[in-house]
Amino acid sequence: MSSVQSGIKVTILGSGTCVPSLARSSCSVLMQVGASKLLFDSGPGTMRRLLEANTTIFDLSHVFYSHFHPDHSGEFVPLLFATKYPDGSRRKSPLTVGGGRGLLNFYEGLQNVYGQWIELAPGLLEIIEFDNKNADAITFEEFSVYTAPVKHNEESIAFRIASTDGYSVVYTGDTDYCESIIDLAKDADLLICECALPDKLRVPGHLTPSLAGELATKAGVGNLVLTHFYPECDQADIAAECRKSYDGQLILAEDLMELEIKS
Ligand SMILES: [Zn+2]
Ligand SMILES: [Zn+2]
């Protein structure tokens, strides 16, 4: 398994939403820190995109869920089921799954439906819940995870990953405008921010290009990736709308786009 020598390598696996699209798979981001491979959300199509990014589900060390909407969690069950195939012996190292409070309940509900089909060998699956009301943090061997509640679902949280060599990437998941993202993303090297719809089509619970830009500017972030595009975004000038409130480096996510965060 390949490892990243320094910094954080980001691969956008899916830049879309629940809307079926050949160009934009549902939401998912892969981050590599040292030998750790972290998956953020696993909407439908994630496992195929992982293979296209030369990664298998057995390479994953951590899976983090921003919230449980199916366009973000839909392949949790297939991922666990495939991990057992053919005899559960291919995964040797533990898989840590983290999300906001409610994740254990969510998993137990799935267990009630799927039973042993999604149960890994004893000791292989660890489930971690982060606080969904306050900022929270946990440190692993090669990186730390900081979380903050965001405005979308009860369980929704955003993540900041910090490598031991000083780099940081923030992934918002789905959210409306909220101050907690500004604090979480303060001076981060990269902010991966949801941008569901163009400014004129704004809906509660989601961001638009100019609101995402405002968050990045207030957080002092110089590299912004917009993602989670409904098809309406591909008909609008997303970059121009974002430029109303942000003048740093701007990237519009595409599936399988790779970004290396290092000096
Ligand atoms: Zn979504
Ligand atoms: Zn959502």
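Note that ligands are numbered from 1 as they come in the structure, with each ligand's atoms numbered from 1 the same way.
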Test side chain to side chain donor-acceptor pair (under 3.5 Å) on S28 and D41 and set out the steps. CA-CA 5 Å; S28 185; D41 291 337; over 6 Å; no
Please walk me through it: do L30 and V10 pass side-chain contact (heavy atoms from CB on, under 4.5 Å)? CA-CA 6 Å; L30 176 67; V10 173; over 6 Å; no
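Among the atoms of E194, no N, O or S atom falls under 2.8 Å of the Zn ion (ligand 1). H152 lies close to the Zn ion (ligand 2), since one of its N, O or S atoms is found at a distance under 2.8 Å. Note on C27: not counted as a metal contact of the Zn ion (ligand 1), no N/O/S atom lying under 2.8 Å. Not a single N/O/S atom of D71, whether from backbone or side chain, sits less than 2.8 Å from the Zn ion (ligand 2). Within the 2.8 Å limit, H206 places no N, O or S atom next to the Zn ion (ligand 2).
Ring geometry for H228 versus H72: interplanar angle under 30°, hence parallel rather than tilted (30 to 60°).
Residue-level check: among N/O/S atoms of H67, NE2 sits closest to the Zn ion (ligand 2). Looking at D174, its N, O or S atom nearest to the Zn ion (ligand 1) turns out to be OD2. Take the N/O/S atoms of H69: the one nearest the Zn ion (ligand 2) is ND1.
Rounding to the nearest 0.5 Å gives a distance of 7.0 Å between CD of E241 and OG1 of T208.
Under a 4.0 Å N-O distance rule, the pair D189/K262 does not qualify as a salt bridge.
Under the 3.5 Å distance criterion, the side-chain polar atoms of D183 are left unmatched by any main-chain donor or acceptor of S180.
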